[in-house]
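To start, the structure itself, in structure tokens.
A note on names: the letters A, B, ... follow the listed sequences, proteins ahead of strands, and every chain is numbered from 1. Because the structure is predicted, anything quoted here is derived from the model rather than measured.
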Amino acid sequence: MEPVHKPNKRMPVSAMLDPRIVVPALGAAFTKLDPRSMIKNPVMFVVEIVAALTTVIFVRDLVIGGENLAFTFQIILWLWFTVLFANLAEAVAEGRGKAQAETLRKTRTESQAKLLSGAGRDYKLVSGTSLKVGDLVLVEAGDTIPSDGEVIEGVASVNEAAITGESAPVIRESGGDRSAVTGGTQVLSDWIRVRITAAQGSTFIDRMIKLVEGAERQKTPNEIALNILLAGLTIIFVFATVTIPSYAAYAGGSISVIVLVALFVTLIPTTIGALLSAIGIAGMDRLVRFNVLAMSGRAVEAAGDVDTLLLDKTGTITLGNRQATAFRPVRGVTEQELADAAQLASLADETPEGRSIVVLAKEKYGIRGRDMAELGATFVPFTAQTRMSGVNAGGSSVRKGAVDAILNYIGGGAPIAIASGNAARALQPAALSEAGREISAIADEVAKSGGTPLAVAKDGKLLGIVQLKDIVKGGIRERFAELRRMGIRTIMITGDNPTTAAAIAAEAGVDDFLAQATPEDKLKLIRDEQAKGKLVAMCGDGTNDAPALAQADVGVAMNTGTQAAREAGNMVDLDSNPTKLIEVVEIGKQLLMTRGALTTFSIANDVAKYFAIIPAMFLAFYPQLGVINVMSLSSPQSAILSAIIFNALVIIALIPLALKGVAYRAVGAGALLRRNLLIYGLGGIVVPFIGIKAIDLVVVALHLA
Amino acid sequence: MTVIGWLQIILYCAIIVALTKPLGWYMTRVFSGERTFLSPVLRPIEAGIYRISGVDEKREQHWLTYTVAMLLFHVGGFLIIYGLMRLQAVLPFNPAGQSAVAEDLSFNTAISFITNTNWQNYAGESTLSYLTQMVGLTHQNFLSAATGIVLAVALIRGFARASMRTVGNFWVDVTRCTLYILLPICVVFALFLVWQGMPQTLGNYVEATTLEGTKQTIAVGPVASQVAIKMLGTNGGGFFNANAAHPFENPTALSNFVQMLSTFVLGAALTNVFGRMVGNQRQGWAILAVMGVLFVAGVAVAYWAEAQGTSTLQALGLTGGNMEGKEVRFGIVASALFAVITTAASCGAVNAMHDSFTALGGMIPLINMELGEIIVGGVGAGMYGMLLFVILAIFVAGLMVGRTPEYVGKKIEAREVKMAMLAILVLPLMILGWTAVAVVLPSAVASMANAGPHGFAEVLYAYTSQTANNGSAFAGLTGNTPFYNLTGGVAMFVGRFFMIVPAMAIAGSLAEKKSIPPSMGTFPTTGGLFVGLVVGVILIMGGLTFFPALALGPIVEHLAMNAGNVF
């Protein structure tokens, strides 16, 4: 599979602010005012409390008669807006997930299951919801698979569009790495016998719904840490503001509660406080749009921290199939002869490798395809024991296979008669070993260049080697260079021998490789990396990948994989495209960056707010402080009002950024930091000066203060 | 401002930077338990101390054990000082016949000395016996300084270690710090001071007959030994009430310069210890650069403000800057520099009256302390205070590189942020809180020497100085009242220990973490960008916290003075 970039899955901001999402979100912004849900967000909860308190004071003043009622009313209004805008940001972020969950729910319609009682195909119809883990069900063409399970018998094509959005059917079969089926998907042809592995309510789709809806959203470690920081800052500003009346009293002045509240709310980090959960939800949502499901937000964050990426060679770094690229005969054999024999041996071989031999023979030597039946040939298929395949035609036999297998086959005196007869057998090893040595030499050469040698023998005589080569995916080298700039080391995992692996690793530009890797080697590699303090990401699909997936900090299981793999990973890639790990890492980084950028922006904003409010606050008794009013805001009231309006509007203005995320560039941490500090740090200091001044002009023009 | 003045400042900085590396190397060896050139002499004494006190020097402690040991040690220190002060009248070495010290003053002073604050609501020469000064105060001058240093070292070990549960052994660290670092330097330093004309005697006060024929009692005593550790250990508690402005406590321009050097030298060297222990000295230099930027900026403003004088002075025809409250033998530059150093470090010794500084000149010491005294800072305390700010700066901005923030290979997570915030909260709580109480309490307001914003600044300075464990006084405020003694004592206690415990919790938590090797994606913490970032975070955090209070104190005073109003 090519690296998939699905531009249609990257949602532009305008689409995020789709009225179908925004309108219900407006309602949700009000329902979220419930203190029980507000308390999860300490900063905004505090704003809600002071808004409520000042409202009470305002009502009292209204009844008994107070001063500046219009001004107080406006401040209170904007306090409530601040809270509502924060809720709106969260509701909009959740909106997209809700829409997606709705579609998923439709697939979960009440289905009937064919519960099997014994080994036969007798079943009784039961409700899908009554299934228990361990039940066996029969699913036939046209049936919806009632719940998650493992195929224990049969092969079927399954439409998994319900979860992947991809309408092309996939094959599900018992044994091997494609045995997991998902409840809600539909069998298109044939039948399968399925052992149920998840009860209703905890199936994959159920989990997906909960995830995209954010119903079970838990704060991630970094989010918790950030919340602590924000709460701490809020407390600092409590101290900074509650002490002011006492200082003012000493100076012989007094300060109204509403002005203090305005100062307090503008100082506490409301911007990031309001957008924090939206950023988290949007991060998960970006993954979902990439068709990757993260089982926890923790995994998304960990993705941003990944230091080492383990990538399987086949399908990730190279195209899945090796292809024949050259015929290399031994001395005394022509290329043509070798090509002819190899083509004959591959005629009935439907593997991609086999077909590529036929194609190469035709392209390079003009050898036409022949009809097996016409030749009276019989195909000898590949087996794990013989590790070779070929044809028997007439009296002659052709075999191709792994070099050692072929050598063994010839040396061991195979069922085919050897030309020189039994008498010559004693000499055979020496004779063979000479051709064998030559074959071995060629094979080594091929391996060193990253290819796979395939020996060909005809009637017991070694003809030569077919060079199969892994084709490295286009553009993958650049991706690895990019990863290196991100500070991520890539390790290629392959079952190939070290020489072949080294050649491919060099060609693809990975930093390191693990050759002849067993699942245990993989697990050990991950543990070793982790012992060095590194975070490891990998993807896998097979049951034997499960331990490594579980051990890795970010384990992306392919949706086509086994149930065991899907359970072990903390992300599932619905497209089963291993290259996507790179995007997953980027999304993780983007999530963290967006939080950092908005926190920095939020704190930097406070500088301007002080310059607006402090002179306004103390002007009555220390008129000298008027020089701090660098923005020359027109009056104390307009200054305070402008600051609080800016504080509320900036939340709305930043919702798109929170949802879209700050763009990540693989330019190295130093350059990235410099850039972001300039934009969000320096920008955060400058922007509010301009914004508050502009709002002040409007406030004055509208005679609001 | 003069070229000579600036040369003095540059020379000062250059010497500190030059001493940082060799002293850092030496201190690293001391705290790593390695042999030093003093080992042949000191090792037997060290081993003897462990034998007598039953300390197993090989056995390291969990951060909690370490902290509890430190706290117990201070309870002991408190009881000794408190006891000595209450009982000094009946104890020996009291030639001047000082009577017992009042309860509230004893409380304040005992807290003051165990917390390395050395806030003095008393005049030493007219209140304390030699025994109290030497056994009570000088000994705490050593131990509170040693405590500060070893706590910083424990936190540094937290950064430097990986997957370990211990952060060192408090008893061993304190012993080694005192024996190998503080004592040897102090011996040499005290001899130097004696050479410069400082008294060092257990004899009685001297009676002198003045030219007018009146009798004058001249206070003397074991001054040099106390002054050496007072400066080196950033304690700042003067032998005499006039502190380093007193001719016996700071006789010459040279003694003044060396005293200033001794204030910074250990704090600066600790940045190098940090760099060495985390395996990259540039990390240490970056921290020192952060301190340096803030320091030079503070010196520049204070020197400028004092050299400039005020419009009021100029109106009176007084040119040549503001010399009010300054010693002629030091002049403006050495006074301004001393004031910035003593408040940047949590020393608190003064060679000029900060109360008489111009509004802006006096604001710099205030700001230095409000930032938490992290500009070099009190020995050790400055280092761990700075590391707390670094943790916050890294946490906020570090996210912007797209990774969980990490510093010298350690991830900064919820626990570290929580503890750093807790520690930093102490500053506004104690400083702003107590000031708010004092300025509306009539009895407390009565202690102010000046009205208006200047009086406000006096109170603000008092609580700032005590919370930050500085100990310098703005003067003007009559601090020896039960209210100021008790609230000040609380501020000093909280300001010290509520900062230490979270810092130690961070040390423990970091030590247990794995160490992450740096990569291209790691936030670079050795360059100018990092320095600028930390400076920015410190200024913004400090500014946001204290701006309203500063606006109502020095800022409004400065503005009013320009308009012709004085307080």
Side-chain angles (χ1 to χ4, degrees), chain A residues 221-222 224-225 228-229 231-232 235-237 239-244 246-251 267 301 304-305 307 484-489 532-534 588-590 592-593 595-597 599-600 603-604 606-607 610 614 618 622 624-625 627-628 664 668-670 672-674 676-677 680-681, chain B residues 162 392 395-405 409 411-414 416-418 421-422 424-425 428-429 432-433 435-437 439-440 445 452-453 456 514-517 519-524 527 529 532-533 536 540-541 543-549 551-552 555-556 559-560 563 565:
Chain A
N222 176 260
I224 292 170
I228 292 170
L229 178 86
I235 298 172
I236 287 185
F237 291 124
F239 296 151
T241 45
V242 298
T243 50
I244 288 178
S246 152
Y247 303 163
Y250 168 80
L267 288 182
E301 260 170 27
D305 288 352
D307 301 284
R484 205 164 299 121
R485 283 196 299 276
M486 289 159 98
I488 296 170
R489 209 160 73 92
K532 284 186 246 159
K534 292 180 175 169
K589 287 192 176 295
Q590 228 182 355
L592 294 170
M593 274 171 57
R595 278 193 202 134
T599 308
T600 309
I603 296 172
D606 281 0
V607 176
Y610 260 137
I614 293 286
F618 300 135
Y622 282 141
Q624 301 93 335
L625 287 174
V627 295
I628 304 176
Y664 178 77
L672 200 60
L673 183 65
R674 191 169 302 116
N676 286 331
L677 267 183
Y680 301 101
Chain B
L392 288 186
F395 181 75
V396 172
L399 281 173
M400 286 197 291
V401 302
R403 283 175 73 93
T404 301
K411 271 194 167 28
I412 307 298
E413 291 167 302
E416 288 76 37
V417 173
K418 190 193 292 172
M421 273 327 280
L422 268 180
I424 286 173
L425 274 178
L429 177 65
L432 298 177
T435 304
V437 173
V439 295
V440 292
V445 172
F456 179 80
K514 289 181 199 161
S515 188
I516 307 154
S519 74
M520 280 282 290
T522 312
F523 187 115
L529 192 64
L533 171 74
I540 290 184
M541 288 280 282
L544 292 177
T545 312
F546 296 105
F547 188 71
L552 293 177
I555 294 177
V556 79
L559 296 169
N565 284 327

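Per-residue counts of heavy-atom pairs under 4.5 Å with chain A were compared for B/L529, B/L399, B/V401, B/V445; the largest is that of B/L399. Across B/M541, B/M400, B/M421, the residue that shares the most heavy-atom pairs under 4.5 angstrom with chain A is B/M400. Heavy-atom pairs under 4.5 Å with chain B were tallied for A/T243, A/T599, A/I244, A/I488; the largest tally goes to A/T243. Contacts with chain A were tallied for B/I540, B/L392, B/T545, B/L429; B/L429 has the most, counting heavy-atom pairs under 4.5 Å. Of the listed residues (B/V417, B/V440, B/L552, B/I516), the greatest number of heavy-atom pairs within a distance under 4.5 Å of chain A belongs to B/L552. When A/A225, A/P221, A/A604 are compared by the number of non-hydrogen pairs under 4.5 Å with chain B, A/A225 comes out ahead. When A/I224, A/L267, A/D307 are compared by the number of non-hydrogen pairs under 4.5 Å with chain B, A/D307 comes out ahead.
Below 30°, between 30° and 60°, or above 60°: for B/F456 and A/Y247 the angle between ring planes is above 60°, a perpendicular geometry.
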> Under the side chain to side chain contact (heavy atoms under 4.5 Å, CB included) criterion, do B/L544 and A/I236 qualify, and how do the steps go?
Replying inline: CA-CA 9 Å; B/L544 292 177; A/I236 287 185; over 6 Å; no
> When you look at A/F239 and B/L425, which way does the side chain to side chain contact (heavy atoms under 4.5 Å, CB included) test go after all the steps?
Replying inline: CA-CA 9 Å; A/F239 296 151; B/L425 274 178; 4.0 Å; yes
> Checking side chain to side chain contact (heavy atoms under 4.5 Å, CB included) for the pair B/V439/A/S246: CA distance, chi angles, key distance, verdict?
Replying inline: CA-CA 7 Å; B/V439 295; A/S246 152; 3.5 Å; yes
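Under the 4.5 Å side-chain criterion, counting only non-hydrogen atoms from C-beta, B/V396 is in contact with A/L229. In this structure, A/I628 and B/I555 have side chains that are in contact, with non-hydrogen atoms separated by less than 4.5 Å. Residues B/P405 and A/N222 form a side-chain contact, since some pair of their non-hydrogen atoms from C-beta on lies under 4.5 Å apart. No side-chain heavy atom of A/F237 sits under 4.5 Å from any side-chain heavy atom of B/P428.
Rounding to the nearest 0.5 angstrom, the gap separating the CG atom in A/L592 from the CZ atom in B/R403 is 9.5 Å.
The minimum heavy-atom distance between A/Y610 and B/P548, with the atom names listed, is OH-CD, 3.4 Å.
Both the backbone and the side chain of B/F523 come within less than 4.5 Å of a heavy atom in chain A. Contact annotation for A/R484: only backbone heavy atoms (N, CA, C, O) come within less than 4.5 Å of a heavy atom of chain B. Heavy atoms of B/A162 lying under 4.5 Å from chain A are absent altogether. Only the side chain of A/I614 comes within less than 4.5 Å of a heavy atom in chain B; its backbone stays farther off. Of the two parts of A/A251, neither the backbone nor the side chain holds a non-hydrogen atom closer than 4.5 Å to a non-hydrogen atom of chain B.
A donor atom on one side chain and an acceptor atom on the other are found under 3.5 Å apart for A/D305 and B/T404.
The number of heavy-atom neighbours closer than 6.0 Å to NZ of B/K418, taken from other residues, nucleotides and ligands shown, is 12 or below.
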